[in-house]
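Report on the following structure.
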Amino acid sequence: MQKIGVFVCHCGTNIAATVDVKAVAEALSHESGVVISQDYQYMCSEAGQNLIKDAIRENGLTGVVVCSCSPRMHENTFRKAAAAAGLNPYLVEIANIREQCSWIHKDIATATEKAIILGRAAIAKVQLNTPLTAGESPVAKRALVIGGGIAGIQTALDIAEAGFEVDIVEKEATIGGKMAQIDKTFPTLDCAACILTPKMVEASQNEKITIHSYSEVSAVKGFIGNFTATIKKKRRFVDETKCTGCGACTEVCPMQKVPNAFNLGLNNRGAVYIPFAQAVPKVATIDPNYCLKLRKGDVNEKVCGKCAEACTAGAINYHQQDEYIEQKYGAIVVATGYNPIKLDKFDEFAYNQCADVVTSLELERLMNAAGPNGGTLLRPSDKTHPHKIVFVQCVGSRCDDSKGKPYCSKICCMYTAKHAMLIREKYPDTEVYVFYIDVRTPGKNFDEFYRRAVEQYNVHYIKGMVGKVTPKSDGKIDVQASDLLSNEQLHIDADMVVLATAIEPDKTARPLATMLTTQMDTNDFFTEAHAKLRPVESATAGIFLSGACQGPKDIPETVAQASAAASKAIGLLVKDSITCNPCVAHSNELMCNGCSACEKVCPYGAITYQDKEFRTPYRTTVMRRVASVNPAVCQGCGACTVACPSGAMDLNGFSNSQIMAEVDAICK
Amino acid sequence: MSNNLKEQVIRSSGVNVLKCMRCGKCSGTCPSYDEMEYHPHQFVYMVEKGDIETLMNSDSIYKCLTCFACVDRCPRSVEPAKVVEAVRLAAVRIQGNNHLIPDQIPEMLDEDLPQQAIVTAFRKYTK
Amino acid sequence: MQVNDNKEFQPLIVAFCCNWCSYAGADLSGTNRLNYPTNVKIIRVPCSCRVNPIFILRAFQRGADGVILCGCHPGDCHYTSGNYFTRRRMTLLFSMLDFLGIERDRTRVEWVSAAEGAKFAATMNEFTEAVKKLGPNRRLEDLRCRKQ
Amino acid sequence: MNTFMYYPGCTLRTQAKDLDAYARSSAEALGISLEEPENWQCCGGAYTTAKDEIATKLSAVRTLNAAKEADKPLITVCSACHNVIKQTNYDISHDEEMSAKVNNYLQLDEPYNGEATVYHYLEMLRDVVGFDNLKKQVVNPFKGKKIAAYYGCLLLRPSKALAMDDPENPTIIEDFIKAIGGTPVIYAQRNECCGGYITMEDKAQASKRSAKVMDSAQEQGADMIITACPLCMYNLKKNSGSELPVYYFTELLAEALEVKEADNE
């Protein structure tokens, strides 16, 4: 005989305001098998959990139903409470009467009625629950970090510090990411390279860290603790182990007309290049799209070959092929970062028409001592010193979906204040205007920083938006904008215009999310497991999120999140084994006819067949081919259960009879 | 009264004025800005406040060129020109409130004036 | 059938939601307080491919007026390929229901991601309205199962 | 031979006869046959965006329906007609309520819901004839001529409905100029309004606007400016105070194809 306890949570007023919780508890107390039905203000609180534990012990409950918030929220809490009181944790079911009832309905009568039905469904299901025991699976003691910007570097350093092996996979020729391109950082104005490059060196020298630069993750299989990733090391036509980074090859390369990607195309580099002086690894790479020899198609032809002649280390290898490495990992950290959006939809700002209209990241390079102008701010068009600069905020941010990104890119207000300040500091004869919609500066010392730009550096902040940018024949740029506070339309004769361009996740993030079976939001930012309580974990176990791949972030936030992701990964890697999900498929051998339908749909290869001896009713034995599921590999999707023509496959925790019982309870 | 007018303007324009984030880009791009007493962003805001009559009595409604620069450039697709048009219609639909009458035409004519200008002006200024 | 004071027909709708995308999407529409009718009752399944066509027939047999099945967007399945199975299976089931003369609008498959709370609510509102228009499911309901 | 429905519009029958005549003679030379719908009416000159304005949309729908019934794409030359007809077509296929009301008025044999395809003459040159192909047929190229394309507002916006070219960085007229052998001049005001019908209300404003356009083109060294709109032509010529010559694009086309004199006696 079943003895079921029902516990209805008020969740303060979150549930109790729209659902009559007393009535729910009362109604459910009459369901068959229910021996106790109670309500309480906060079931998830210690007192609430004790209520459940006591009820289990006192009434010898065989099943527990908690009517509360989503099981995604507190299913584990209540399972643990049940286990503590000696009840198998898988004999607990949750009826979601908050997210899927009280929060979406307004009428108390109908909401209460629905809550009762959801409770009934959970009771019907729990009656068929069976005690389950979770198995264990080993954890590979190695982490994979995808992306080698400041987020990936910090995560890798922290994991290595804890004593675990880490591999960084970076798609560019060097690690460092966007921070390496930035000139100064807010709100302290210290030099980005000065604080980043020591970390890059530290990462390269740490014996626990392996850096795969110019590489991509091409496949990921497996599950938490037991991932297998394939890393494609793209051919760079240079033997990394031989190259000393002397740069002799870059000097002799006759093809010097390649847009320098590191400087965002603001100047040119050779076909063989080292992205920047402090690159890690400091190894040359040949761009096959520009290299005179490789472009030909046949490397044996006698063309150029100057770099190979110049290389005393013999590192140049025109015959190099892509290399694939397979490695096992216990945890994966995603740190794929961001990019400024393309400005093709914003030609009213003349970005594509006028060289002196630049993005903020381009301005970083223009002002950087290692940039195209050696740190002197000059107009890209005629290399003259600009005397009037206009900044436009929110370009592509806070837009309708058809125009741009719906979110605030978060970092632009601060870096624009930084740019304005740096320019006024270095070139006091330059006037700086900033057009803003709102100035958003939440953060420690952030608003003070922006106020300094206004009060100390006399930057002209104008509330309004630029409507049209017109390059003129005299080299000036007419900026037509509205000044909302003085209610007038302005025309500013500027020398340069800087667009605070919205940022978006890197393009590689979407296919990576598919590969890792993690979720993304509609803007292609990775979704965290819980917006508040689990900000650095993805909903897929064993995959962690670091930096701007999860949402726009500045450097301090990125570093904080990178370390948080590392600590979560370390928490996993220190375990020798992890508890598996016991809600896996199993085959009833007496019913199985060995048809292989289940094996064909299993995405994990968890199903194998064996020949087994069975006794027949005629006192003879027969050999039959039957399916068996490897519980450590099965992830519990249930595809096989539906494919099975004889109904032999079933899924623990979501069995055919359990789901059918829920259907019946709802439809009654 | 003004509530009815607001409803009418919103329905007739098909614009959701609440989408506006008050950036002022419409007014920043408007070629008729200097001729207008109330500017595109003010149209949107004043319609939201329900202050329609002020707009109806202003000459600004006859200054909009319907060039759709504000419509295309608005970051939030608010479409201010459609609001201006709805307010203008509310004004000229009032009996005897036509902004242009046929008797005025002969003195405006010159030998090159295209018919298109006359047709368009009638469509914009009269009912 | 639900008790209702005004006599408007209130359909009973069963929604199967996969744990990773659609159930989370449903939670999100709750977190954002986006309303949809109480007619919709959600059953959580690990993946949309766990839904056996029999479950849907069972719901109709027991008096459901509409059944909707929600999963991750194609390509985004937590289990890599489960929703592709769903799509094929449901195509088959729906053509069978079609053959039986069951209105096409009583059943539906929708892809709702964990980020699409608004889409979930909008889908449920729209689906409930569509089923309301069709009226009660009489053809598949087994009257012997009806609780008096 | 490609046959299209051709809608001239009111002004092409009166003040802008040139625009029409050159369009016809050039089309013939390019192997395009233009067929005028019977009893067409003036489009109204300006599209009324208001949802509760149904009557003002009817004449455009009649024209569109004629194209639908003839099962031929509809071609317009005048920018204003083009704007009105394309916006009408867009709205009627996207706004059910409007479509219901319009059809209720018109009581056509079969309701019209945006089935017709509308091309601007320039789109026809780009998408049907092809600029490469046009280039081959040019007899009399505009070698060395610096020509400024003037789009104005009506050809490009609202871009959602017009969908002719990138509204901020259009290339269609520039490509046309290249095809007839000229050198296109890019200038900032090419997609800003000339003042349009405001010439009836406020001459000073029209002057200001059109002068701005002309100055911008002249600043970039244009020898001439071309347009597709009679009202732009009027404003730029009469109100701008500039001496820069303004032509219809069809005139240059006819000249390039050497069919100018034949049809324009």
Side-chain angles (χ1 to χ4, degrees), chain B residues 8-15 29-36 59 61-74 77 79-90 93 99-100 104-105 107-127, chain D residues 9-16 42-53 56 78-81 83-84 91 95 98 152-154 156-162 167-168 189 191-206 208-209 212 229-231 233-235 237-238:
Chain B
Q8 184 200 324
V9 165
I10 285 178
R11 196 176 47 238
S12 154
S13 64
V15 167
T29 203
C30 180
S32 287
Y33 189 95
D34 291 336
E35 282 75 17
M36 291 173 124
D59 250 5
I61 52 178
Y62 307 114
K63 302 294 183 185
C64 168
L65 302 165
T66 334
C67 74
F68 296 116
C70 55
V71 170
D72 252 33
R73 290 174 189 156
C74 173
S77 303
E79 310 188 310
K82 295 189 177 176
V83 176
V84 179
E85 177 126 323
V87 176
R88 183 177 52 235
L89 276 169
R93 276 173 184 168
H99 188 65
L100 183 71
Q104 291 172 297
I105 295 296
E107 62 185 83
M108 292 178 168
L109 281 181
D110 66 54
E111 54 184 12
D112 294 323
L113 187 75
Q115 283 62 29
Q116 184 192 348
I118 306 167
V119 178
T120 310
F122 269 104
R123 191 145 273 189
K124 292 287 172 190
Y125 298 148
T126 66
K127 205 65 235 175
Chain D
C10 63
T11 313
L12 273 72
R13 278 300 160 80
T14 46
Q15 290 290 12
C42 169
C43 68
Y47 184 71
T48 317
T49 56
K51 304 254 175 224
D52 51 359
E53 278 286 325
T56 56
C78 166
S79 306
C81 304
N83 188 282
V84 172
D91 278 353
D95 183 341
M98 178 184 145
C153 48
L154 293 171
L156 300 168
R157 293 190 293 257
S159 54
K160 216 162 44 178
L162 279 267
E168 301 297 345
Q189 293 286 320
N191 63 339
E192 297 297 328
C193 184
C194 67
Y197 59 89
I198 213 78
T199 182
M200 305 285 290
E201 162 78 12
D202 184 349
K203 275 266 181 242
Q205 194 184 347
K208 193 174 121 188
R209 282 307 319 157
K212 205 164 179 183
C229 176
L231 188 47
M233 172 72 106
Y234 175 80
N235 277 324
K237 264 190 162 168
K238 289 282 258 198

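First the proteins, then the strands, lettered A, B, ... as listed; each starts at 1.
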Could you check whether B:Ser32 and D:Gln205, counting side-chain N and O atoms only, form a donor-acceptor pair closer than 3.5 Å? yes
Once rounded to the nearest 0.5 Å, what's the spacing between atom CD of D:Glu192 and atom CG of B:Leu65? 10.5 Å
Sub-4.5 Å side-chain heavy-atom contact between B:Glu85 and D:Thr48: yes
Residue from B:Arg11, B:Glu35, B:Lys82, B:Gln8 scoring the most non-hydrogen pairs under 4.5 Å with chain D is B:Glu35
Under a 4.0 Å N-O cut-off, is there an ion pair linking D:Glu53 with B:Lys127? yes
Structural part of B:Ile105 lying under 4.5 Å from a heavy atom of chain D: side chain
Please state whether the side chain, the backbone, both or neither of D:Lys208 comes within less than 4.5 Å of a heavy atom of chain B. side chain
Atom CZ of B:Phe68 and atom CG of D:Asn83: how far apart are they, to the nearest 0.5 Å? 6.0 Å
Toward chain B, the part of D:Cys78 with a non-hydrogen atom under 4.5 Å: side chain
Thinking salt bridges, do D:Asp95 and D:Lys51 make one under a 4.0 Å N-O criterion? yes
Locate the shortest heavy-atom distance separating D:Pro230 from B:Pro114; write the atom from each residue and the value. O-CG, 3.9 Å
Looking only at heavy atoms and a cut-off of under 4.5 Å, which of D:Pro158, D:Cys10, D:Gly196, D:Cys193 has the most pairs with chain B? D:Pro158
Please identify, among D:Asn191, D:Thr56, D:Thr199, the residue contributing the most non-hydrogen atom pairs under 4.5 Å to chain B. D:Thr56
Looking only at B:Thr29, B:Val9, B:Leu89, B:Asp34, most heavy-atom pairs under 4.5 Å shared with chain D are made by B:Leu89
Counting heavy-atom pairs under 4.5 Å to chain D, which of B:Gly14, B:Ala121, B:Pro31 comes out on top? B:Pro31
Chain D contact via B:Lys63 - side chain, backbone, both or neither, heavy atoms under 4.5 Å: both
Side chain, backbone, both or neither: which part of B:Tyr125 has a non-hydrogen atom closer than 4.5 Å to chain D? side chain
Looking at chain D, which one of B:Leu100, B:Val15, B:Asp110, B:Thr66 has the largest number of heavy-atom pairs inside 4.5 Å, strictly under? B:Asp110
Is chain D contacted by the side chain of B:Glu79, its backbone, both, or neither, given a heavy-atom distance below 4.5 Å? side chain
By a 4.5 Å heavy-atom criterion (distance strictly below it), what part of D:Ala16 contacts chain B: side chain, backbone, both, or neither? neither
Looking at B:Gln116, is its backbone amide N or carbonyl O close enough to the side chain of D:Thr11 to form a donor-acceptor pair, meaning the two atoms are under 3.5 Å apart? yes
Note, D:Met200 side chain near B:Ile118 side chain (heavy atom, < 4.5 Å): yes
